[in-house]
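Nothing here was measured: the structure is a model prediction, and the numbers come from that model. So you know, we letter chains A, B, ... as the sequences are listed, proteins then strands, and number each from 1.
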2 protein chains.
Amino acid sequence: MTYSSKDRFLIAVDCVIFGYSEGVLKLLLYKRDFEPEKGKWSLMGGFLSKKETLDMAAYRVLARITGLRNIYMEQLSTFSEIGRDVADRVISTAYYSLINLEEYDPAMLKKHGVEWFSIDELPELIFDHNEMVEKALRRLKRKAKSEPIGFELLPEKFTITQLRNLYEAIYQCKLDPGNFRRKIMSMNLLDRLPYKDMNSSKKGAYLYAFNKEKYEILSGNGFSFDLTGI
Amino acid sequence: MTYSSKDRFLIAVDCVIFGYSEGVLKLLLYKRDFEPEKGKWSLMGGFLSKKETLDMAAYRVLARITGLRNIYMEQLSTFSEIGRDVADRVISTAYYSLINLEEYDPAMLKKHGVEWFSIDELPELIFDHNEMVEKALRRLKRKAKSEPIGFELLPEKFTITQLRNLYEAIYQCKLDPGNFRRKIMSMNLLDRLPYKDMNSSKKGAYLYAFNKEKYEILSGNGFSFDLTGI
DNA sequence: CCAAAAGTGTTCACGCTACACCCATGC
DNA sequence: GCATGGGTGTAGCGTGAACACTTTTGG
């Protein structure tokens, strides 16, 4: 123990979990079932344990509450204000993740006391969790323009209109259907599947799938995903 | 102590300190004078103490080594790999900061065993510090296009050519002098001063100063600093 | 036939690029 | 006068924005 004279701290991870369905961007929140602040809404979190990295802890929390693995997740920022947790000094690293709601088992909701909230009807959260959410939203908005992370929120097969609706939900604005389609198609990242979705129109809309291999090859060649100016 | 059964950790901050002079982007590195890894180059860092936030700790480290306050600084990311510090389990939050080298007292160099290194001639650093530097560089490159942080690296008064040289050093490419000038001038963020710098040309080049008030007013009105496409 | 969403075409204006071209001055 | 960096002008091209238009099919 070389650094033995230094202070030691509790470290937590908190997860900002985004989902998307029916044209609405959502957040998974948790009704706290322990003190302090029992009964209030919060992000899902947990404490870091000695044998884990922060990423591992965040995945553990996420897997516990969603049952899912292989989820898009990224570290956001670390929060360390002295009074942020009322019970003890806790340093918390916030993560955000993107979930495909089709794969999410609704039975998990009751089991863990969690609920999906529309992003523009969020309740007040404990501690500095609202700040974490705002930061996550800003990050999502920025990243979704420069990397193809939006697809993480959609089912594997989707129509161009669904993809556009997702971006409309993220950026809270209408996008021109024709221009959006052209822009996304010009990147050559989507494979058109031999099926049509007949739910949304009489004509039917082709389903597409994001081709990650193509993206990685193109990325290596200097291409960058770019939806600035949508 | 509500969370008493949880593990506690040492927390450090490490500072990636950028400077700029004579057309070269530089990093301030420190020759470690204590074990472990004594004698190797590293980022400047320190441990978080109970009465501090991470930001405070980072400013403390920065002030100690530069004697400067009011420096641009931003949290980068938190590193938590289990073996990252060979002596003990340490979670480290990296910060990066931008320094105006004209204000930096060269006497500090010997006093603290630190040295400026050109960004493209960095030595090997201890632990995961090289990774921190890479991440900081990526962040700097991104941010310098969307926020006026480049000015933090220059003296208060500078010529447009100096500003362009700075961006050329950050992005490692040549920029068209005319186009760069027009682009930056069109934002109306610079005040032209009634002096000329006569060192670099016979004609002399006007000195300018970044007007932060203008920037903040414009920002509030939906304007955003944008040098994408330079 | 009509409504409604899918998908295509077309025009316009703006902004970046590239490069030519003056300006001022020390030598 | 000429070399040098400061600073301006401008033609051309590419792309986003706006919107008209065609396609398909269930009711």
Report task. Between B/R181 and A/D226, name the one whose nearest nucleotide on DNA chain D is closer to the 5' end. Result -> B/R181
Query raised in the report: Of A/K196 and B/N179, whose closest DNA chain C nucleotide lies nearer the 5' terminus?
Result: A/K196
Query raised in the report: Nearest of C/dG7, C/dA18, D/dA18 to any side-chain atom of A/R182?
Result: D/dA18
Query - For atom CG of A/L175 and atom C1' of D/dG16, their distance in whole Å - result: 12 Å
Query raised in the report: Would you say A/K157 has more than 12 foreign heavy atoms packed within less than 6.0 Å of its NZ?
Result: no
Query raised in the report: Expressed in angstrom and rounded to an integer, what is the separation of B/I230 atom CD1 from C/dA18 atom C1'?
Result: 17 Å
Query raised in the report: Relative to the 5' end of DNA chain D, which residue comes earlier, A/D176 or B/R164, by the nucleotide with the nearest heavy atom?
Result: B/R164
Report task. Measure the acute angle between the ring planes of A/F180 and A/Y167, then classify it against the limits of 30° and 60° as parallel, tilted or perpendicular. Result -> tilted
Query raised in the report: Hey, which of these two, A/T161 or B/K202, hits DNA chain C nearer its 5' end, going by closest nucleotide?
Result: A/T161
Query raised in the report: Just checking A/G229: base, sugar-phosphate only, or nothing, at a heavy-atom cut-off of under 4.0 Å?
Result: sugar-phosphate
Query - Atom-pair distance (OH on B/Y206; P on D/dT8), nearest Å - result: 10 Å
Query raised in the report: Can you tell me if the side-chain N/O atoms of A/S200 get under 4.0 Å from OP1 or OP2 in C/dA6?
Result: yes
Requested in this report: Report the distance from atom CG of A/D197 to atom P of C/dA4, rounded to the nearest whole Å.
Outcome: 18 Å
Query raised in the report: Within the pair B/K183 and C/dG15, is there a side-chain N or O less than 4.0 Å away from OP1 or OP2?
Result: no
Query raised in the report: Whole-Å distance between D/dT8 C1' and B/I184 CD1?
Result: 17 Å
Report summary line: By side chain to side chain contact (heavy atoms under 4.5 Å, CB included), B/L218 pairs with (sequence neighbours left out) B/L189, B/F223
Query raised in the report: Among the nucleotides C/dC19, C/dA24, C/dT10, which one has an atom lying closest to any side-chain atom of B/K203?
Result: C/dA24
**Report entry** Salt bridge B/E115-B/K31, side-chain N to carboxylate O under 4.0 Å
**Finding:** no
Query raised in the report: Rounded to the nearest Å, what distance is computed from the CG atom of residue A/N199 to the P atom of nucleotide D/dG26?
Result: 13 Å
Query raised in the report: Within this structure, what is the NZ-to-P distance between A/K145 and D/dG16, rounded to whole angstrom?
Result: 12 Å
Requested in this report: Measure the distance from CE on B/M198 to P on C/dC23 and round it to the nearest whole Å.
Outcome: 17 Å
Output side-chain donor-acceptor pairs under 3.5 Å for residues 124-137 of chain B, partner residues at least two apart or in another chain, one line each.
{"unit_1": "B/D128", "atom_1": "OD1", "unit_2": "B/R84", "atom_2": "NE", "d": "3.4"}
{"unit_1": "B/D128", "atom_1": "OD1", "unit_2": "B/R84", "atom_2": "NH2", "d": "3.1"}
{"unit_1": "B/D128", "atom_1": "OD2", "unit_2": "B/R84", "atom_2": "NE", "d": "2.7"}
{"unit_1": "B/H129", "atom_1": "ND1", "unit_2": "B/L43", "atom_2": "N", "d": "3.0"}
{"unit_1": "B/N130", "atom_1": "OD1", "unit_2": "B/L125", "atom_2": "N", "d": "2.8"}

